[in-house]
Structures are given as C-alpha cells and as structure tokens.
Amino acid sequence: MIIVLKDGIKKEQLILFKASLEERYDVTVNTWHGVGSTVLGLIGDTTTVDEDWVNAQEIVENVKRVQEPYKKANRKFHPDDTVIELPTGQKIGDGSLCIMAGPCSVESEEQINYVASRVKNAGAAFLRGGAFKPRTSPYSFQGLKSEGLDLLKGARKATGLPIVTEIMSSSHIDMFEGVDIIQVGARNMQNFELLKQLGKINKPILLKRGLANTIEEWIMSAEYIMAGGNDKVILCERGIRTYETATRNTLDLSAVPIIKKLSHLPVIVDPSHATGKSWLVEQMSLAAVAAGADGLMIEVHNDPKHALSDGAQSLTPDQFDVVAEKVFALKEAYDRIMKNDN
C-alpha cells in the first residue's frame, strides 16, 4: 500500500502518523521524500488496513493499493529514478550513458592492464573482468580467482577505472571488499542466500537477469537484496534462452522500457552475452541506447581468437573504439529527441 501525503506537512505530524500505522496495523513504513511530495510505503500484511481511516487523516492526499509483490523496487514506492554514485564520481542512472568494458576473464597482468587502458581511452567508465568464472563444463577455464581480483585492482590503480566482477558464493564476500561493483551472474540470479548476504553490505550490486526468468522474477531477486537494506541495485538484461539458435541468447530489449515503467532501478544491457557474436554487438548496443538503457556492458579482449573464455563474442580494442564512438553519438541524439518530445 502507498500513502501520498499532502505538501507542507510538519516533521512531527509525519512521525506520529507513521507510529500510528505501525502500531495499529503491524506494518513496516518506508518513507520517500520527493520533489514536492512525501510517499509512505507500507510493507507487510496490508489487507487489514482501513483505507477510510487513512484517508480521514488530515495529512493524507490519497491512498493506493499495490498489486505487485515487490515493494522496495517498485516505482510506485519511489517515483524518482535511483542514481547509483560511486565514491570516485561515476554515476549510473542519472541520464548519462555508462559503459562497462573489459575481458570475460582476467588472464594476465599484461592483458588486463592493456585492455583497461584502451577501454578507458574510448570512454568506458568501468572495467569489467571475470576473476571467478561459472562455466557450463567443469573442464573449462574457471578463472584466476583471488589472483584475478588482485590483477583487477592493479588495473584500477593504473587507470583509475572502478572494477566490476562476478561473485559466485556468499563465502567470497570478504574477498570482494575491494571490488567497486559486485556482479551477480545469470546463473545466480535466484541464489537467494547469496542475495540476502549481499543485502547486508553497502556496495552496488549488478544483478543480471536469469537465462529463463521473467521480468517479475528478476525484480523480485532485486527485492531480496533491497529487503536486506542495500538499495544500490543495478539491473542487467543479458538475453534469455528461447528456441532461437541463431544467437547465444535472445536479447529482450523490451525489458528496458518495461523495467523503467515498473521500477526506479537503473538498467543496463549486455549485448555480448546476449548475442554471443562479436559482429552483432554494435547493432545491439545502438538498439539498447535507443531503448533507453542507462548503460552497456561490453566484452573487450586484446586477442579474442586466443581468449580463454567467450572469445567469439568479444570485441578487439579497435572495434570497441568504433562502437563506443557510435553509441555516445547516438546517446546525444536520443537525448535531444526526448528533450524536444517533453
């Protein structure tokens, strides 16, 4: 349930009203202060809440019942877009286009430092790279693990780019203390025990959509993190499994505007994992920008033919230069069009 309060209410009135709601109906009341309005979100069993009583209160503008099972991630509870800001100044969800780029797997110090330097020069705001790699086959390269984390931190020191890397287990959380954004991969989207633990830390979490999950299930996984107290969640559309075999997955770009309508959380797109083909990354990146994505996650490798994982979907640094230039140009044009529409 959502309660919209009238403008100009006093702090003392708000405190008393919230206390009355919690005592009378045994619910948790979250407060959101927006521009010119205050919204209360009631979480718990709201079936017993008397709407007539609520509407009768002097400070109440209106009351709305929420049908969706997610509350904290719901735009109705939080009308303004959430902006994730890092201590180093990078922002996601503020209307700019954020690019996270780097190799699927960290393979060596020379490799990660070179790629980090190149993607930064092309305009990337974050360095992505896998230290722990979930692979379908147990015989495939599983990543350098803790050594890979150290190499990522070294590349960050050399370039200033914050790092994004995937966590596999809640037992690894302490190892990820020095990581700027922790990624939860598609295979772990419904690893609820991991999500609960990530809800207890004060660090941005990039949550990828599961291979066969609905948008509501995806948002509900974000709700797990947010219910633990961590509101810094970024959603990432990376394609879903369908009957189509022409691409690795099917990129669901309709998810971007749908997420924007349903939730206040920022959403980015990973065209590399979605298509599995490097020659499709440019077109799908441009399409993601046109769909309104807050950012892109693109795989870049210095030598894709000899990559230890996912070389077929990785761009070379030279190819990334071209893609980055085009997507930033399209973003400028997109912003102009949207401004004129408004």
Side-chain angles (χ1 to χ4, degrees), residues 1-85 91-94 182 184 189 192-207 215-235 258-267 294:
M1 176 175 282
I2 296 173
I3 302 173
V4 180
L5 304 182
K6 295 177 181 178
D7 292 344
I9 65 169
K10 296 179 180 179
K11 183 178 180 181
E12 294 77 13
Q13 291 177 295
L14 175 60
I15 293 173
L16 288 173
F17 182 50
K18 287 178 62 178
S20 297
L21 288 167
E22 291 174 340
E23 181 179 356
R24 181 184 289 258
Y25 297 113
D26 192 26
V27 293
T28 300
V29 182
N30 290 336
T31 307
W32 176 82
H33 298 284
V35 179
S37 66
T38 300
V39 177
L40 303 183
L42 276 58
I43 298 176
D45 183 6
T46 61
T47 57
T48 60
V49 176
D50 185 347
E51 291 187 45
D52 290 335
W53 178 85
V54 175
N55 275 312
Q57 306 307 305
E58 184 181 356
I59 66 173
V60 173
E61 182 71 35
N62 60 67
V63 182
K64 304 174 183 177
R65 288 199 177 272
V66 177
Q67 302 302 319
E68 297 87 0
Y70 47 91
K71 309 301 179 186
K72 290 180 176 291
N74 199 317
R75 184 173 287 280
K76 294 176 183 176
F77 277 60
H78 193 298
D80 288 349
D81 291 340
T82 285
V83 178
I84 308 295
E85 183 172 4
K91 296 181 180 180
I92 305 170
D94 66 336
I182 297 177
V184 176
M189 191 206 83
F192 298 125
E193 293 306 313
L194 173 60
L195 301 181
K196 289 176 185 178
Q197 293 303 313
L198 293 175
K200 298 177 181 179
I201 66 175
N202 184 28
K203 190 182 292 291
I205 308 299
L206 190 148
L207 180 64
I215 290 174
E216 182 172 294
E217 290 169 341
W218 184 20
I219 299 176
M220 286 302 296
S221 288
E223 190 83 4
Y224 263 92
I225 299 170
M226 300 176 76
N230 186 355
D231 294 331
K232 300 176 181 178
V233 180
I234 306 154
L235 300 174
I258 292 172
I259 289 291
K260 291 287 186 179
K261 180 178 178 62
L262 298 177
S263 178
H264 53 88
L265 298 175
V267 55
D294 294 296

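The model shown is predicted, which means the values in this text are computed figures rather than measured ones.
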Colleague: List in chain and number order the residues that pass salt bridge (charged side-chain N to carboxylate O under 4.0 Å, His left out) with D81, two or more places apart in sequence or in another chain; answer none if no residue qualifies.
Modeller: R75
Colleague: If the plane angle is over 60° it's perpendicular, under 30° parallel, otherwise tilted; pick one for Y224 and F192.
Modeller: parallel
Colleague: For S221 and L195, which heavy atoms make the closest approach, and how far apart are they?
Modeller: O-CD1, 3.6 Å
Colleague: Within the 4.5 Å heavy-atom criterion, are T46 and V66 side-chain neighbours or not?
Modeller: no
Colleague: Can you see which heavy atom on A73 is nearest to which on S263, and at what distance?
Modeller: O-OG, 2.6 Å
Colleague: Does the side chain of W53 come within less than 4.5 Å of S20's, by heavy atoms?
Modeller: yes
Colleague: Test side-chain contact (heavy atoms from CB on, under 4.5 Å) on I205 and V184 and set out the steps.
Modeller: CA-CA 7 Å; I205 308 299; V184 176; 3.8 Å; yes
Colleague: Going by the salt bridge (Lys or Arg N to Asp or Glu O under 4.0 Å) test, which pairs reach into residues 46-73, not counting sequence neighbours?
Modeller: E51-R65, E68-K76
Colleague: Which atom pair, heavy atoms only, marks the closest approach of L265 to I259?
Modeller: O-CG2, 4.2 Å
Colleague: Heavy-atom distance under 4.5 Å between the side chains of P266 and V83, does that happen here?
Modeller: no
Colleague: Is the shortest heavy-atom distance from the side chain of L21 to the side chain of I3 under 4.5 Å?
Modeller: yes
Colleague: If you round to the nearest 0.5 Å, how far is OG1 of T48 from CG of D26?
Modeller: 8.5 Å
Colleague: Using a 4.5 Å cut-off on heavy atoms from C-beta on, say whether the side chain of V60 contacts that of F17.
Modeller: yes
Colleague: Nearest 0.5 Å, please: how far is CG in N230 from CG in L198?
Modeller: 8.0 Å
Colleague: Compare every heavy atom of D231 with every heavy atom of T82, then report the nearest pair and how far apart it is.
Modeller: CG2-O, 4.4 Å
Colleague: Taking all atoms of both residues into account, what is the closest heavy-atom pair of V54 and V63, and its distance?
Modeller: CG1-CG2, 3.4 Å
Colleague: To the closest 0.5 Å, what do you measure between CG (L16) and CD (Q57)?
Modeller: 11.0 Å
Colleague: To the closest 0.5 Å, what do you measure between NE2 (H33) and CG (L5)?
Modeller: 9.0 Å
Colleague: Let me confirm one number: the NE2-CZ distance from H264 to F77, rounded to the nearest 0.5 Å.
Modeller: 9.5 Å
Colleague: Can we say D294 and K260 salt-bridge, meaning some charged N sits less than 4.0 Å from an Asp/Glu carboxylate O?
Modeller: yes
Colleague: What pair of heavy atoms forms the shortest contact from D45 to V27, and how long is it?
Modeller: O-CG1, 3.9 Å
Colleague: Looking at CE of M189 and CG of L194, how far apart are the two atoms once the value is rounded to the nearest 0.5 Å?
Modeller: 12.0 Å
